[in-house]
Each structure stands twice: as structure tokens, then as C-alpha cells.
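Note sheet for the following structure.
The basis for the numbers below is simple: all heavy atoms, side chains too, and nothing from hydrogens, waters or symmetry mates. A, B, ... follow the sequence lines: proteins, then strands. Residue 1 opens every chain.
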Number of protein chains: 2
Amino acid sequence: MKTRDKILLSSLELFNEQGERNVTTNHIAAYLAISPGNLYYHFRNKSDIIYEIFQEYEKLVDFYLDIPENRPMTLDDMTFYLESVFDGLWSYRFFHRDLEYLLDRDQRLRHDYREFTNRCLASISCIFEKLADGGIIEPQPESLRSAMSLNVWMIITNWMAYLKTAHVATASASLTIRELKQGIYQVLTLEIPYLMPAYREQVMSLREQYRPTMSGHEEGAEMKEG
Amino acid sequence: MKTRDKILLSSLELFNEQGERNVTTNHIAAYLAISPGNLYYHFRNKSDIIYEIFQEYEKLVDFYLDIPENRPMTLDDMTFYLESVFDGLWSYRFFHRDLEYLLDRDQRLRHDYREFTNRCLASISCIFEKLADGGIIEPQPESLRSAMSLNVWMIITNWMAYLKTAHVATASASLTIRELKQGIYQVLTLEIPYLMPAYREQVMSLREQYRPTMSGHEEGAEMKEG
DNA sequence: GACTCCCTAGAGTATATACTCTAATAATAC
DNA sequence: GTATTATTAGAGTATATACTCTAGGGAGTC
């Protein structure tokens, strides 16, 4: 693998594990056993590394949230979207942690992230629309749908922060993707009142599979595999 | 005013305006036109300043969210709670911005914040219960209520982050408390499907007063005063 | 072999940051 | 007044961080 790609990969790994704020370019170089000069040969600065990682993230989520189909949506579709988005969130989880600081430092990133958010919101809204087409939830007026989409987006992007700040007792307690996906439980909570009777049971039991366990403290308890 | 109190006050002010990450102890001392040595005479380190500010924040919110009354809840009560919580959020808005980092650096803070969150969640849940008692929303089973409370909490604590990252176009565009309170619109969105018919109209028009304006970009557009 | 291009090492630097130390001054107690 | 304590100034320090600069190696081409 090319050094440039190794830098991107290791940076992402270290950022995810320790937070962007705690990972310096010297750390990255040391981790890869290359010189700082080498790292700076491939990237002009730290922001460029972050920006490029963001572009991968963006591409991934855009790919997941592409909703080309003209058919109404099934429950499986919805599950796929939820799972995929949380997978993406997991892979690039450092990003939402220091988001505000990162955007303050890089105008390109601010601009792109803003558009990214808007695309995601549009996709979520579209998913709601097609869920209604599929007879899974009640149809909603546009204004309600967009407010709800925004709530969904906030739950999705901040569930990790909630887990890391309020749920786990120690800083070192590392999270698992399974715990992260308990966020799906919270998202489905938003849908409950809009469920059509025919699908109510099914969605409720889907939701149950993601129910947070009582022990968010030290050990992660088991949960049914998806 | 005592130097010690001036330090706390100015720190809060600078943190809110520039973010904790961008404000050093030297900055604080310079801002107050005192020496670093003086600052460190009053506080052992930066963490201690932050911790003390947090305790004020905690006290304030606990005060607001004290729900002693045995009577059912009115719409005015609910409005008061929402307004108060967002006022508190505004006054200490730096805190939720760098939360994860702050908690990683200070175990006391992590511990206290976790309990603080739990108290807030309990209060929110209690508010829902009493709203049901007051005939404003439908009664809900405990499990749904706690999941909903968590969603409400996440919307409240992360609305500011959403505004600063996805809504405004430039880093310098400073937010106003009025924009922050558009978060109330999002919170009330969660309640909509549970509203009892008798109160539906009233709550919807209350919500309308907090509706986000389309121009979150540069200039803040006007909104009806509360 | 010489030239070129891509890549790499590694020492070095300017700046920042949290914090310390000493000495001096103001306030209070007796 | 003198002793004591509380407060302040301000220079200084150890460490870190993002980044630079120069020199050179290795591989391919002629």
C-alpha cells in the first residue's frame, strides 16, 4: 500500500480511537514509523488529511443514502438504511466528535459539511415519504416531515456523544458498534406514533432488537445479532 | 468584585464566545489584566475553573427543573420549563461544545455530569407524566416515556451544535439566544402526535412561535418575541 | 554512468500552552 | 508598629505541536 494511503488509514484509525484533538501529525508519523517530513511530503497539513477523510465519509454515506427506486419502501429497506448509516457513523466516528472545531478551522470542510447535512436531511425526508407510500407510516405534511427528519438526524449524529458522555462511567470504556446501533432504538422511537396498525407489531419488534441494555457502564451485554 | 469571581465570570464569557479549546489561562489573565501567577493563585489549574463553572450550571438547571408541585401541569408550566432550560443552555453554552474532551480530562466532571444527565432525564420524564395528568398529552407507558425523554434531551443539548455546524454558513456568524430557542420548535415536534385534541391547537401555535426562519445563514430574521 | 523523479529521513524551528517560582505589596490581627 | 496572612506581578520553564528544510536514496531511462 502506498504511503499516502497508509497515512489516511492510520490517521482515521487513530482519530477514531483517541479523538482528533489528541492525535498530532507527529503521532501519526510515529505510528507508521515514518518521518514527519515524509508525512508532510504527502499532505500539506493536518487539515488536508482530515478533509480527505471527510470526503471518503461523505462518499460512503451518499452511496448508502442513494434512494433511486421508484417502488415504495419496505421494512427491510428501512432497516438497511438505518444499519448502513450507523455503520458509516462508526467508521468515521471521530468526525462528529470534534465537528465544531474542525469546521472552524477549515472553510472547505464547513461548506461541504453543510451541504452534506442538507443532502442527508433530504434523504431522510424522502425515506419518510416512501415509508408512507409503502403503507408503513401515515403520510405527513411536508413541514412536519422536515422537522421530524431534522430530529432523526440529530439523534443519529449525536447518539455516540451521548453514549460517551452520559452513559459510560469511565473515559477508557470503549464503545462497540453494537452499542452505537442502540441509537436505532431511539430513532424508531420517533416513528412509533406514526406507524400504521398493519406494521406496528413488526416495527416494534424490530426496535426491540436494538433496545439499550441496562449496563452501559462497564461490560457490554449481549444483544441479538442483526 | 473579588478576583476569584472575576476569573470565573470572564472565563465563562470567553469560553462561550470562543470555545474552551481556544481560550488559554494566559488569555483569561490577559483579558482581566492580571498576571498568570495571580490566576493560578486562585485556581490550581484550568480544569478547576471549568469544574466550578459546571457546578454553577448544574445548580441553575437543577433549580429550573425542580418540579415540586403536586398539581397537574399547565401549558404555561411547560413553556416555562422549555424557556428556562434553553436559557441555561445559552448561559453555559461552551460546555456542551467540548463536552467529550472536558469529561476525558476530569473524572470529577465526568461523574457529576453523568448524574446531572440522569437527573435531567428523570425531570423530563416527570414533566411528560404531569402533562398527561393535565390532559395535555396522552398518558404513555414508562418505557416509551423514558425513550422519548432521552430523545428530548438529545435535541435540547445538541441543537446548538446543529446550528453552529450545519445551519450557519460562516464560523464568525454568531448565534443569538433567539436562534437557540428555535430548538423548542424541534422539541415540540416530538410531542405533536401525543397531543390531546383539546390542546392541539394551542400547542401548535405555541410551537409556531419558535419556528426556525429560512435565513439561518447570515442575518437573523425577526421572530415574534416571547 | 548520469539524469530525473518520486519518495524518505531526521534534525530543527517558531509558536503556544499550562503552569511555577520568587519577590513584593496590600490587608488584617495583635 | 510588627507579625502574619492574603494577594499580586511578572519573568521563566518544560513540554508539545504543526510544520520546514536539507540532504539523500532508489528506480527507471537513455
Side-chain angles (χ1 to χ4, degrees), chain A residues 1-54 94-95 97-98 100-110 171, chain B residues 1-54 94-95 97-98 100-110 171:
Chain A
M1 186 186 294
K2 296 226 165 197
T3 302
R4 193 188 151 81
D5 294 327
K6 281 199 269 186
I7 293 172
L8 286 173
L9 214 66
S10 299
S11 297
L12 176 58
E13 192 181 328
L14 293 174
F15 288 161
N16 277 340
E17 275 167 15
Q18 304 172 31
E20 181 272 344
R21 186 170 185 170
N22 301 317
V23 176
T24 72
T25 49
N26 290 347
H27 286 149
I28 299 166
Y31 181 77
L32 281 167
I34 65 172
S35 64
N38 192 353
L39 186 147
Y40 278 91
Y41 169 78
H42 291 286
F43 294 93
R44 253 199 11 253
N45 51 43
K46 197 181 174 187
S47 276
D48 276 8
I49 299 178
I50 294 166
Y51 185 59
E52 213 151 304
I53 293 178
F54 166 69
F94 86 93
F95 189 69
R97 173 170 174 179
D98 279 309
E100 208 169 325
Y101 178 80
L102 296 177
L103 301 194
D104 276 355
R105 291 289 165 112
D106 190 335
Q107 284 308 302
R108 294 169 303 180
L109 197 58
R110 175 174 290 278
Chain B
M1 187 188 292
K2 294 225 166 196
T3 302
R4 192 187 152 82
D5 294 327
K6 281 198 270 186
I7 293 172
L8 286 173
L9 214 65
S10 298
S11 297
L12 176 58
E13 191 181 330
L14 293 174
F15 288 162
N16 277 340
E17 275 166 16
Q18 304 171 30
E20 180 272 342
R21 187 171 186 169
N22 301 316
V23 176
T24 73
T25 50
N26 290 347
H27 287 150
I28 298 166
Y31 180 78
L32 281 167
I34 65 172
S35 64
N38 194 353
L39 185 147
Y40 278 91
Y41 168 78
H42 291 286
F43 293 94
R44 250 196 17 250
N45 51 43
K46 197 181 173 188
S47 276
D48 277 7
I49 299 178
I50 294 165
Y51 185 60
E52 213 150 306
I53 293 178
F54 166 69
F94 87 92
F95 190 69
R97 175 171 173 178
D98 279 309
E100 208 169 325
Y101 178 79
L102 295 178
L103 301 194
D104 276 355
R105 290 287 167 114
D106 190 336
Q107 284 308 304
R108 295 170 302 179
L109 197 57
R110 174 174 290 278

Criterion side-chain contact (heavy atoms from CB on, under 4.5 Å) against S47(A), the qualifying member of L109(A), L102(A), D106(A):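 Filter result, single survivor: D106(A).
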Strictly under 3.5 Å: I want the nitrogen or oxygen pairs between protein and nucleotides 3-7 of chain D, one per line.
unit_1, atom_1, unit_2, atom_2, d
dT7(D), OP2, Y41(B), OH, 2.9

Sugar-phosphate only, base, or nothing, as touched by I34(B) at under 4.0 Å among non-hydrogen atoms: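 I34(B): backbone/sugar contact only, no base atoms under 4.0 Å.
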Sugar-phosphate only, base, or nothing, as touched by A29(A) at under 4.0 Å among non-hydrogen atoms: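 If one applies the 4.0 Å heavy-atom cut-off, A29(A) turns out to touch nothing in the nucleic acid.
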Parallel, tilted or perpendicular: rings of F94(A) and F15(A) (30°, 60°):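 Plane angle between 30° and 60°, so tilted.
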Basic-acidic side-chain contact under 4.0 Å: R21(B), E100(A):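 Answer for the salt bridge query: no.
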Identify the two heavy atoms, one from [X] and one from [Y], that lie closest to each other, and give their separation to 0.1 Å.
X	Y	answer
K46(A)	V23(A)	NZ-O, 2.8 Å
S11(A)	I7(A)	OG-O, 2.6 Å
L39(A)	T25(A)	CD1-O, 3.6 Å
M1(A)	D5(A)	CG-CB, 3.7 Å

Start and end of chain A contact along DNA chain C [non-hydrogen atoms, under 4.0 Å]: dC6(C) to dG10(C)
Neighbours of DNA chain C within residues 7-25 of chain B, by heavy-atom distance under 4.0 Å: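 When residues 7-25 of chain B is checked for heavy atoms under 4.0 Å from DNA chain C, the hits, listed by number, are T24(B), T25(B).
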No-hydrogen, no-angle side-chain donor-acceptor test under 3.5 Å, E20(A) and Y101(A):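 No pair is found: no donor N or O on one side chain lies under 3.5 Å from an acceptor on the other.
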Audit row: D48(A), E52(A), side-chain contact (heavy atoms from CB on, under 4.5 Å) steps and yes/no: CA-CA 6 Å; D48(A) 276 8; E52(A) 213 151 304; 5.8 Å; no
Which residue lies more 5' along DNA chain C, comparing G37(B) with Y40(B) via nearest heavy atoms: Y40(B)
dG10(D) OP1/OP2 closer than 4.0 Å to side-chain N/O of S35(B): no
Under 3.5 Å: donor-acceptor pair, side chain of N22(B), backbone of Q18(B): yes
